[in-house]
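Some notes on the structure that comes next.
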Number of protein chains: 2
Amino acid sequence: MSRRSSVMTLAVLGLLHESPMHGYELRKRLNSMLGSFRAFSYGTLYPCLKELLANGWIAESSTATADAALPHPLSGKRGRIVYQLTAEGKEHFQALLGEVGPTAWEDEQFDVRFAFFGRTDAETRLRILEGRRSRLQERLDGVRQSMARTWERLDSYTLELQRHGLESVEREVRWLDTLIEDERLGRSDGSASTRGRPSAGHDDN
Amino acid sequence: MSRRSSVMTLAVLGLLHESPMHGYELRKRLNSMLGSFRAFSYGTLYPCLKELLANGWIAESSTATADAALPHPLSGKRGRIVYQLTAEGKEHFQALLGEVGPTAWEDEQFDVRFAFFGRTDAETRLRILEGRRSRLQERLDGVRQSMARTWERLDSYTLELQRHGLESVEREVRWLDTLIEDERLGRSDGSASTRGRPSAGHDDN
DNA sequence: TTCGTCATGTAATGGGTTACATGATTAC
DNA sequence: GTAATCATGTAACCCATTACATGACGAA
């Protein structure tokens, strides 16, 4: 139970929950899931898989199970090692998702936890969102104080950096506010609180 | 020249450039300078100071030099070790600020580099800003592509995370745009491009 | 006199990357 | 046949944190 990288563990279990996969694909899905935030390397992934295997949370499976026929018929070629979640794995994953407490809303974990909110119960979701909100609020207070003390002797660039940082956090707080409100009203779908279009095709420059 | 943590090195040299300081204070100023972004611990600071000392970039000085009378008259009490920049240190710092290239606009360094733009020449400033902008643009393209490929099979939470991440990066790009424009027009002060108030005293909740 | 904060440090550990080594398969 | 990408792994290193050890000083 050496707890090698809790975020990686969580993410892998969560992804394998959807469907069996091999390492290479796992990593791609991992990095695209966390979008602009993070990018793991193989040096992190494979040792982690090794450990999950040793813990009996995942198992090597021969090839793609049932449902989706692969684009190319490379069914039993070897080379690729497909992993799937075991019963203990599923159990452990749910246990992890149930855990609340600081780690869940700190920077390192929050995004992963959020990504799996679909499998997290409503109460836990709300507690994590609120935990993060007050965490950010603390941070805001700290920065505002230190800024109030020192803004006079800061050059314009440092000041601008400060300002932009502050604004970023304020923005995330507002984001959390809408999410919390949505949770309270019991919608987990995107039916409210005018948010921007998730369209993927416009830009200047 | 073992190059222990280039950001720490840069930050420490930059701060000592303003005035001599002891470690404890250095760390506070460091963390408040980088505001909401980072927080270094002593385990990082002191070994770094040790190395800077060994490289002859900083030197231990007896006590506060000339200018500011300290709040409490604890002038020569011992315990505190005040560091100051040497001539070689100043030279090395300027050399570091002159370096352009990927590291300067990656996430780990950009904020520190930006914080010292006041001592960076105009051309370098512009190149770093543009470097970062195109870096972020790449990231945007990547996320947009992977989103276009997979948005249909994503649950609402993952999608919302994706959307928020995307919006954050878009926002930083716009920020960089105003900064670049300002640089091109030759203002380093805050005289243009309607940006929000840096006031420190308002909030809901 | 005890508690909080200032102040300096170190050893163990953690979480991750880089660079490397290896080889199969696909596309040209 | 050769280049690109898929695919799996490991060892060496890097940057930073945590936890600990130590002690001085000021305020209650």
Side-chain angles (χ1 to χ4, degrees), chain A residues 1-12 20-31 34 37-54 58 60-61 63-64 70-83 102-103 106-109 111-112, chain B residues 1-12 20-31 34 37-54 58 60-61 63-64 70-83 102-103 106-109 111-112:
Chain A
M1 296 272 180
S2 50
R3 192 175 303 278
R4 182 194 292 272
S5 175
S6 40
V7 329
M8 189 90 199
T9 301
L10 199 58
V12 168
M21 259 178 281
H22 58 272
Y24 192 87
E25 196 187 346
L26 209 39
R27 186 204 172 226
K28 276 196 305 182
R29 300 257 289 135
L30 209 77
N31 291 340
L34 300 180
F37 302 108
R38 228 182 284 245
F40 290 106
S41 60
Y42 300 116
T44 321
L45 176 63
Y46 287 112
C48 177
L49 284 173
K50 209 173 168 183
E51 194 186 286
L52 295 184
L53 204 57
I58 61 175
E60 298 181 350
S61 81
T63 18
L70 294 167
H72 312 282
L74 29 63
S75 301
K77 289 293 183 202
R78 219 29 42 213
R80 302 139 108 240
I81 300 169
V82 179
Y83 296 97
T103 58
E106 289 301 320
D107 294 333
E108 317 83 49
Q109 282 217 10
D111 49 1
V112 197
Chain B
M1 294 274 179
S2 49
R3 194 175 302 277
R4 182 195 292 272
S5 174
S6 41
V7 331
M8 188 90 196
T9 300
L10 199 59
V12 168
M21 258 178 283
H22 58 273
Y24 192 86
E25 196 187 346
L26 210 38
R27 186 204 171 227
K28 276 197 305 182
R29 301 257 287 134
L30 208 76
N31 290 339
L34 301 179
F37 302 107
R38 226 182 283 249
F40 289 107
S41 61
Y42 300 117
T44 322
L45 176 63
Y46 287 112
C48 176
L49 283 173
K50 210 173 168 181
E51 194 186 287
L52 294 185
L53 205 56
I58 61 175
E60 298 181 350
S61 80
T63 17
L70 295 167
H72 312 282
L74 31 61
S75 300
K77 289 293 184 205
R78 219 28 41 216
R80 301 137 110 242
I81 300 169
V82 179
Y83 295 98
T103 57
E106 289 300 321
D107 293 333
E108 318 82 49
Q109 280 216 9
D111 50 1
V112 196

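Quick note on labels: first sequence line is chain A, next is B, and so on, each numbered from 1.
The interatomic distance linking B:Leu34 (CG) with D:dC15 (C1') rounds to 16 Å, in whole Å. Atom-to-atom, OH of A:Tyr46 to C1' of C:dT22 comes out at 12 Å; the value is rounded to the nearest Å. B:Glu51 has its CD atom 12 Å from the P atom of D:dA16, to the nearest Å. Between B:Leu53 atom CG and C:dT8 atom P the separation is 13 Å, expressed in whole Å. Rounded to whole Å, the distance from CD on A:Glu106 to C1' on D:dT18 is 15 Å. When the P atom of C:dT5 is taken as reference, atom NE2 of B:His22 falls 16 Å away, rounded to whole Å. In this structure, B:Leu45 atom CG and C:dT8 atom P are separated by 9 Å, rounded to whole Å. Rounded to whole angstrom, the span from the CG atom of A:Leu49 across to the C1' atom of D:dG9 amounts to 11 Å.
Distances were taken from every side-chain heavy atom of A:Pro47 (C-beta onward) to each of D:dT10, C:dT10, D:dT18; the shortest belongs to D:dT10. Listed nucleotides C:dG16, D:dG9, D:dA16 differ in distance to B:Val7; the shortest reach to its side chain belongs to D:dA16. Here C:dT8 is the nucleotide among D:dT8, C:dT10, C:dT8 with the atom lying nearest to any side-chain atom of B:Arg80.
Between B:Tyr24 and C:dC6 there is a side-chain N or O to OP1 or OP2 distance below 4.0 Å. Taking side-chain N and O atoms only, B:Lys50 has no distance below 4.0 Å to OP1 or OP2 of C:dT8. Between B:Thr44 and D:dT17 there is a side-chain N or O to OP1 or OP2 distance below 4.0 Å.
With sequence neighbours excluded, the residues satisfying side chain to side chain donor-acceptor pair (under 3.5 Å) with B:Tyr42 are B:Arg27. Considering only residues two or more places apart in sequence or on other chains, A:Asp111 meets the side chain to side chain donor-acceptor pair (under 3.5 Å) condition with A:Arg38.
With DNA chain C read from its 5' end, the first of the two nearest nucleotides for A:Phe40 and B:Tyr83 is the one closest to B:Tyr83.
Residues B:Gly23 and B:Leu49 approach most closely at CA-CD1, 4.1 Å, considering heavy atoms. The two residues A:Leu30 and A:Ala11 have their closest heavy-atom pair at CD1-CB, 3.4 Å.
Taking 4.5 Å as the limit, every side-chain heavy atom of A:Val82 sits out of range of all side-chain heavy atoms of A:Met21. Side chains of A:Cys48 and A:Leu52 form a contact here, defined as non-hydrogen atoms less than 4.5 Å apart.
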One pair to check against side chain to side chain contact (heavy atoms under 4.5 Å, CB included): A:Val7 and A:Phe40. What are the steps and the verdict?
CA-CA 11 Å; A:Val7 329; A:Phe40 290 106; 3.5 Å; yes
Atom pairs under 3.5 Å: protein N/O with N/O of nucleotides 19-21 of chain C:
none

